[in-house]
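Everything on this sheet refers to the single structure shown next.
Just follow the structure's listing: the first ligand is 1, and inside any ligand the first atom is 1. Atom set for the values below is all heavy atoms of this structure, side chains included, hydrogens, waters and symmetry mates excluded.
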Amino acid sequence: MSTVTIALSKGRIFDETLPLLAAAGIEPAENPETSRKLIIGTNRPEVRLVIVRPTDAPTYVQYGAADLGVAGRDVLYEHGGDGLYQPIDLRIARCKMMVAIPEGFDYESAVRQGNRLRVATKYMRAAREHFAAKGVHVDLIKLYGSMELAPLSGLADAIVDLVSTGNTLRANNLKAVEDIMAISSRLIVNQAALKLKRSLVQPIIEAIDQAVKRNA
Ligand code: AMP
């Protein structure tokens with residue numbers, strides 16, 4: 001029997017993908033928040049979920065360890081998207097990628113004077129391209145978490161991070177100064193799986209597409 005494996009990360013993506021999977025007749029047998037299992041069966045014997053770190057979802061799908069997956073545009077941008085078909089913007093886990101600075105830092109003047117800025121981020125590619133397009137000289141510092149701490153501790157002048165409500169920035173005396181891109185999660189599909197497992201994969205894609213359009 002041919003099987004379909006879907007790569008999902010825990011938390012917001014998992015929670016917001018559940019109704020879309022339900023529309024395709026797929027219901028996880030367990031909740032990954034409580035079960036600790038990394039491979040989770042579903043009500044359909046031929047469909048299983050693998051629970052991955054958000055940044056790993058494109059890699060699992062690229063190499064065919066998962067046939068389908070869900071990943072944020074931020075993550076896909078850094079990954080590059082090789083080997084991935086991205087048929088649907090799921091319109092979930094929406095936020096913005098932004099440049100933020102400490103309250104009181106005169107970013108505009110620093111940019112106008114051509115100062116070299118230190119910018120901390122997880123999103124090296126997006127940040128590099130954003131500042132290059134603006135002609136701003138930056139030294140990028142790669143971080144893996146809590147970007148907000150970087151300007152507060154003197155590590156960086158600015159950060160590039162995801163902003164949803166803006167509460168995290170406000171709580172840390174930071175403010176957003178530039179939009180880089182609007183973020184939402186996309187369905188990603190292994191290109192070979194789409195051809196070789198079309199009869200299983202295509203109906204799932206179509207059901208999810210219909211569900212997204214109904215919610216729009
Ligand atoms: P907020 O305080 O609501 O602006 O959320 C900002 C924090 O949540 C930051 O640490 C972000 O990295 C994270 N965040 C917000 N939206 C998302 C998202 N769609 N995907 C991943 N992380 C997010």
Side-chain angles (χ1 to χ4, degrees), residues 6-21 31-33 49-62 66 68-81 84 86-105 107 117-131 138 140-188 208 211-212 215-216:
I6 305 174
L8 291 178
S9 50
K10 284 198 282 194
R12 198 165 161 185
I13 285 184
F14 187 87
D15 296 343
E16 296 187 25
T17 303
L18 271 188
L20 302 175
L21 290 179
N31 176 351
E33 297 292 349
L49 310 179
V50 290
I51 305 304
V52 300
R53 289 277 300 254
T55 45
D56 290 337
T59 307
Y60 274 80
V61 177
Q62 174 187 7
L68 298 164
V70 174
R73 185 178 175 204
D74 51 327
V75 165
L76 287 166
Y77 202 83
E78 298 302 311
H79 172 272
L84 302 177
Q86 301 181 27
I88 307 172
D89 180 349
L90 300 175
R91 306 167 66 88
I92 60 172
R94 293 165 90 162
C95 60
K96 281 184 182 170
M97 187 183 290
M98 303 187 90
V99 181
I101 55 159
E103 293 280 359
F105 174 54
Y107 176 75
L117 298 177
R118 285 209 295 185
V119 179
T121 189
K122 284 205 265 218
Y123 306 105
M124 298 294 277
R125 180 175 177 192
R128 192 184 312 111
E129 290 179 6
H130 173 75
F131 291 110
V138 291
L140 293 179
I141 301 173
K142 167 90 181 180
L143 287 181
Y144 294 87
S146 297
M147 264 87 77
E148 302 82 11
L149 183 58
L152 306 180
S153 59
L155 178 65
D157 303 305
I159 60 173
V160 167
D161 196 5
L162 303 184
V163 181
S164 176
T165 60
N167 289 340
T168 307
L169 292 184
R170 268 190 296 279
N172 291 292
N173 280 320
L174 302 170
K175 66 174 181 188
V177 284
E178 277 163 10
D179 263 22
I180 298 183
M181 63 176 96
I183 303 292
S184 56
S185 292
R186 279 118 198 264
L187 185 70
I188 53 177
I208 290 174
V212 170
N215 295 340

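A donor-acceptor pair is defined here as one N or O able to donate and one able to accept, closer than 3.5 Å; no such pair exists between the side chain of Glu178 and the backbone of Val99. In this structure a side-chain-to-backbone donor-acceptor pair under 3.5 Å is present from Arg170 to Thr165. Between the side chain of Glu78 and the backbone N or O of Arg125, at least one donor-acceptor pair lies under 3.5 Å. Side chain of Gln62 to backbone of Gly81: no donor-acceptor contact under 3.5 angstrom is found. At distances below 3.5 Å, at least one donor-acceptor pair connects side-chain atoms of Asn31 with backbone N or O atoms of Glu33.
Contacts of ligand 1 (protein heavy-atom distance under 4.0 Å) are Arg12, Ala93, Cys95, Glu148, Asp161, Leu162, Val163, Ser164, Thr165, Gly166, Asn167, Thr168.
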In a table with atom names and distances, give each donor-acceptor pair under 3.5 Å that connects a side chain of residues 150-163 to protein atoms at least two apart or in another chain.
{"from": "Ser153", "atom 1": "OG", "to": "Leu149", "atom 2": "O", "distance (Å)": "2.9"}
{"from": "Ser153", "atom 1": "OG", "to": "Ala150", "atom 2": "O", "distance (Å)": "3.3"}
{"from": "Asp157", "atom 1": "OD2", "to": "Arg118", "atom 2": "N", "distance (Å)": "2.7"}

